[in-house]
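Accompanying notes for the structure given below.
Both counts, for ligands and for their atoms, begin at 1 and track the order of listing.
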Amino acid sequence: MSQPDTRAWWRDAAIYQVYVRSFADGNGDGVGDLAGVRARLPYLKDLGIDAIWFNPWYVSPQADGGYDVTDYREIDPLFGSLAEAEQLIAEAHALGIRVIVDVVPNHCSDQTPWFQAALAAGPGSPERERFWFRPGKGEHGELPPTNWTSNFGGGTWTRVTEPDGTPGEWYLHLFDGAQPDFNWDHPDVRQEFEDVLRFWFDRGADGIRIDSAALLTKDATLPEVGTVDKHPFEDRDDVHEVYRAWRRIAEEYGGRALIGEVWMPDVQRFTNYLRPDEMHTAFNLNYLCAPWDADKLREVIDETLSSHAPVQAPATWVLSNHDVTRHISRYGREDTSFSFKGRDFGTPFDLELGTRRARAAILLSLALPGSSYLYQGEELGLWEVEDIPDALKQDPMWHRTGGVDPGRDGCRVPLPWSGDEAPFGFSPDDAATEPWLPQPAAWKAYTAQAQTGDPASMLELYRKALHTRHAEPALGDGPMSWLDSAPQVLAFSRPGNPDVICVANLSTESAKLPAHSAVLVASGDLDGDNLPPDTTVWLRP
Ligand code: GLC
């Protein structure tokens, strides 16, 4: 087991997530692309981030926003080319920005040569063994092999028509039918992904975000969920072997990070993925799901830090991503927590309250020990767009649940950059095509251009906070200790010579600030020595 490198970049980076389709459109086809990202790299540099995580940019039919990959080694022509991705990585590096690519190992697109070959080769063929093909149950095989539920709603099996035209076997897909699951017991699959890692490390990727990381291995006896001790496809013990092998590859290159998407309420099971010979970090989705409540947040923070300490992995802090309701909208509702089951687009939200809390939340997150993930558009104060016409919705989550789940399109609306009307600089002025999802007219006041130079704007708060975080040696990785505080107030100190104190007031009353010599950053106006409700401040003691 190698010694963890306690000074590695991923231990305290501020990582900005670029959902390429919606970031910036360089060629005017209404879809974001690599040219758009390249043109905006100076914006990201100026924002003060350390790394970019790109959602999948590979060749894909886009049945699930690119999480249905046909070729893991080529860029979708919708976004650009491999040469351009290499250029983009080089340009980011020249600005001191690291690059994380998203690898999707649980499943691929049904259009991959492997899956097409499996369909053509028929039952019992070696080609089918790379996936999970099984005969159906029932007299004529008309019933799926199990009654598992897909993460996108509906079942997890689709029946195929065999090459001879008869209804045949079923294949497993934990997500959409266009995303067949790989069989991780197969050596070809393991080999393929080890090659894919090397491919992107060779091209300069500093990190790999691992999609659906806890789902890869399955119980080959295919029991129903709940009938056996171990879950048949979630967080199985043998999945760790995969990441041990990947860690060895990352170590060969040095300085590269493996970052897991692990949805796992049980923190002990979660940090198993972060043992020193596995991944480097993983998204703290428990923090993201927590409500805007000081006691609950403190519980998550304590649990996070105490569970990460034994494996010596840094904590991560994240408020939003491309799968969840934007936190401004969540924080402006009565129920401020997040869960896929409780997505509430029915009730109006209070934008002013949500914004105030989001400002306080980012200062809280950026002051905690470890690294932070920012989702594009949160720095502009964007909210979830909840009135996208059904006909324009693209998310399979919406389609597969028959509209019961509102889907994830609302957090993926193209960013507003400048100007007074759509496409707000997302596409070039003379673009012939509209953005792939419509932007709210009210985003006129939320463009990067409109906010630049306005000290009260969300964008300037993010800039100031990120630059201050860099300048303060106490922030980022390192210890913290709680300070005494009133109910619903979180106060902690970050020792670092000079120290920084962070106080977040989640109560409805003003809170007295501790003694301090200076205010470094505040999410809202202070009231003398008092911190108003839903406000966070960084102080010099
Ligand atoms: C992850 C991704 C999500 C995707 C799913 C299937 O949860 O974040 O966007 O739909 O995996 O790949």
Side-chain angles (χ1 to χ4, degrees), residues 15 17-23 32 53-70 72 76 100-112 115 131 148-154 156 158 172-182 184 193 196 207-216 218 233-235 239 258-265 270 273 279 282-286 288-289 316 318-326 338-341 343 373-377 384 393-401 405-413 437:
I15 300 157
Q17 177 187 354
V18 169
Y19 191 73
V20 182
R21 288 207 285 178
S22 303
F23 186 70
W53 149 34
F54 290 101
N55 285 101
W57 50 16
Y58 318 105
V59 177
S60 160
Q62 306 290 332
D64 178 24
Y67 282 94
D68 48 319
V69 181
T70 314
Y72 291 84
D76 198 291
I100 297 165
V101 302
D102 203 326
V103 166
V104 189
N106 181 68
H107 46 265
C108 58
S109 161
D110 60 0
Q111 301 305 309
T112 48
F115 191 72
F131 299 92
W148 300 350
T149 309
S150 157
N151 288 311
F152 286 169
T156 58
T158 293
L172 175 69
H173 50 86
L174 293 184
F175 294 90
D176 190 66
Q179 296 166 292
D181 277 47
F182 282 115
W184 273 86
F193 278 94
V196 167
I208 304 282
R209 183 255 187 196
I210 308 167
D211 186 68
S212 303
L215 303 180
L216 273 47
K218 275 94 187 172
F233 56 84
E234 275 177 27
D235 186 36
V239 78
L258 301 174
I259 303 149
E261 187 211 16
V262 180
W263 286 90
M264 190 87 45
F270 179 87
Y273 289 83
M279 300 174 190
F283 297 95
N284 188 350
L285 297 162
N286 289 351
L288 181 152
C289 291
T316 70
V318 52
L319 297 168
S320 277
N321 66 31
H322 66 295
D323 290 328
V324 308
T325 312
R326 281 193 179 272
F338 176 79
S339 84
F340 281 107
K341 295 211 172 66
R343 302 244 281 163
Y373 285 87
L374 316 170
Y375 176 48
Q376 67 176 39
E384 185 82 8
K393 289 187 179 159
Q394 296 207 4
D395 186 10
M397 220 175 215
W398 184 78
H399 289 284
R400 287 180 59 91
T401 59
D405 188 291
R408 300 164 297 177
D409 294 303
C411 64
R412 301 174 175 180
V413 173
L437 285 173

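When each of Y67, F283, F54, Y373 is tested with H322 by the rule ring-ring contact (aromatic ring centres under 6.0 Å, His included), just one qualifies, namely Y67. For the side-chain contact (heavy atoms from CB on, under 4.5 Å) with F233, the lone residue among L172, D181, L174 that qualifies is L174.
The shortest distance between side-chain heavy atoms of N151 and T156 does not fall below 4.5 Å. Side-chain contact between Q179 and D110: absent, with no pair of heavy atoms (C-beta onward) separated by less than 4.5 Å. Annotation: side chain of L216 is not in contact with side chain of F182 (no heavy-atom distance under 4.5 Å).
Near S212, with a cut-off below 4.0 Å to any heavy atom, the atoms of ligand 1 are 1 (C), 11 (O). Those atoms of ligand 1 that come under 4.0 Å of a heavy atom in Y67, given as number and element, are 2 (C), 4 (C), 9 (O), 12 (O). Close approach of ligand 1 to R408 is summarised as follows: ligand atoms under 4.0 Å from at least one heavy atom of the residue are 3 (C), 4 (C), 9 (O), 10 (O). Of all atoms in ligand 1, listed by their number and element, those nearer than 4.0 Å to a heavy atom of R412 are 9 (O).
Salt bridge present: D64 and R408 bring a charged side-chain N and a carboxylate O closer than 4.0 Å. Between D102 and R209, at least one side-chain N (NZ, or NE/NH1/NH2) sits under 4.0 Å from a carboxylate O, which counts as a salt bridge.
With hydrogens left out, the protein atom closest to atom 5 (C) of ligand 1 is F175 CE2, 3.8 Å, a heavy atom. Scanning the protein heavy atoms around atom 7 (O) of ligand 1, the nearest turns out to be E261 OE2, 2.7 Å. Protein heavy atom in closest approach to atom 10 (O) of ligand 1: D64 OD2, 2.6 Å. Among all non-hydrogen protein atoms, the one lying nearest atom 3 (C) of ligand 1 is D323 OD1, 3.3 Å.
Distances shorter than 4.0 angstrom occur between a heavy atom of F152 and an atom of ligand 1.
Of all the heavy atoms of M397, none lies under 4.0 Å from any atom of ligand 1, so neither backbone nor side chain is involved. Contact annotation for H173 and ligand 1: no heavy atom of the residue comes within less than 4.0 Å of the ligand.
Separation of the W263 and F340 ring centroids falls under the 6.0 Å cut-off.
Compare V104, D211, I210, D68 by their heavy atoms: the one nearest to atom 2 (C) of ligand 1 is in D211.
Considering backbone and side-chain N/O atoms, H107 comes within less than 3.5 Å of an N/O atom of ligand 1.
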message: Could you walk me through whether W57 and Y19 satisfy the ring pair (Phe, Tyr, Trp, His ring centres under 6.0 Å) test, starting with their C-alpha distance in whole Å, then the side-chain angles of each, then the deciding distance to 0.1 Å, before giving a yes or no?
response: CA-CA 9 Å; W57 50 16; Y19 191 73; over 10 Å; no
